[in-house]
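Notes to accompany the following structure.
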Amino acid sequence: MSAPTPSTANALQLEDIDFSYPAPSDGVEDPLYKGFSLGIEQGSIVAIMGISGGGKTTLGRIMAGILTPRSGIVRRSPDLTRPSDLVYLDQHPLNGVFPWQTVVENVRYPMEKLGWDGSRRRDRICYLMNLFRLGARSDAYPAQLSGGELQRLALSRCLSWQPKVVILDEPFSALDGKVKAEITCALHELALNDRMTLVLITHSIADALALGMRCLVIAKRPVRVISDLAYGMGFPRDESTPAYDAMQQALIAGIRNGLV
């Protein structure tokens with residue numbers, strides 16, 4: 001399966017962003033972002049990598065409008081006309097679901113609020129239940145789900161109404177092995193079919209390699225882009241190929257450069 005072809009326009013454009021958390025008790029401020037700029041092309045699948053505590057989640061929240069930079073501009077494509085066109089999925093999946101609703105009710109609810117008709121809702125629910133392997137758990141509540149099932153529910157819910165830009169923060173942390181591979185393929189299928197722009201925030205080289213079309217490695221303080229790599233590999237990814245090995249080594253080198 002070929003990757004979606006990104007347009008030359010940007011879904012998101014960050015220009016000269018400054019951001020700092022409140023200064024510690026000694027009063028010395030350590031800016032996290034200063035003069036930071038970045039563009040995310042429409043229709044692209046971009047992985048953002050970095051070490052724990054390196055500013056990845058903050059960057060995702062700035063992109064999503066959850067955090068406001070001290071200065072600079074976050075531009076969004078004119079195609080993003082409604083708040084629901086851009087969605088951010090927190091790395092804690094319970095923050096992305098209603099605990100008092102069942103699996104199927106959680107997936108249905110956003111579409112109901114956005115006015116989808118009944119047949120369209122049913123088709124989309126059936127598609128997502130199958131794609132994310134949740135059909136057998138449709139009547140369960142979030143508290144009754146395993147960690148992996150809960151992550152799949154949060155993904156299904158935030159993707160249900162076909163948003164145009166999706167920012168996912170560590171969405172695979174409770175998944176492993178065959179299930180993770182299946183969910184990665186499901187996300188790629190959705191990105192292709194729904195023509196969405198997908199931003200994956202992760203510390204995992206394997207996850208970045210499995211899904212991304214482009215990978216940004218960020219590091220240092222103030223944060224900057226250490227590596228910006230375009231993959232040039234189709235889907236699904238074959239880990240036995242020289243191209244995969246070369247890209248893996250390039251990502252490892254980028255992360256090491258960020259630690260120096």
(message) I'd like to check Cys158 versus Leu168 (side-chain heavy atoms, cut-off strictly below 4.5 Å). Are they in contact?
(response) yes
(message) Regarding Lys34 and Asp16, does a basic nitrogen lie under 4.0 Å from an acidic carboxylate oxygen?
(response) no
(request) Find out whether the Lys NZ or Arg CZ of Arg157 is both under 6.0 angstrom from the six-membered ring centre of Phe98 and within 45° of the ring's axis. (result) yes
(request) Determine whether more than 12 heavy atoms belonging to other residues, nucleotides or ligands lie under 6.0 Å from atom OH of Tyr109. (result) no
(request) Nearest 0.5 Å please: distance from the CD1 atom of Ile167 over to the OG1 atom of Thr197. (result) 10.0 Å
(request) Please determine, by modelled atom types, if Tyr244 and Gln249 share a side-chain donor-acceptor pair under 3.5 angstrom. (result) no
(request) Tell me yes or no: between the side chains of Asp169 and Thr57, is some donor less than 3.5 Å from an acceptor? (result) yes
(message) Tell me whether the count of non-hydrogen atoms from other residues, nucleotides or ligands lying under 6.0 Å of CZ in Arg221 goes above 12.
(response) yes
(request) Inspect the contact between Asp228 and Arg214 and indicate whether a charged nitrogen and a carboxylate oxygen are less than 4.0 angstrom apart. (result) yes
(message) Any donor-acceptor pair under 3.5 Å linking the side-chain atoms of Tyr33 with those of Ser20?
(response) no
(request) Inspect the contact between Arg195 and Asp79 and indicate whether a charged nitrogen and a carboxylate oxygen are less than 4.0 angstrom apart. (result) no
(request) Output yes when Arg122 and Asp117 qualify as a salt bridge under the 4.0 Å nitrogen-oxygen rule, no when they do not. (result) no
(message) Just so I know, are the side chains of Leu59 and Phe36 near enough to count as touching, which here means a heavy-atom distance under 4.5 Å?
(response) yes
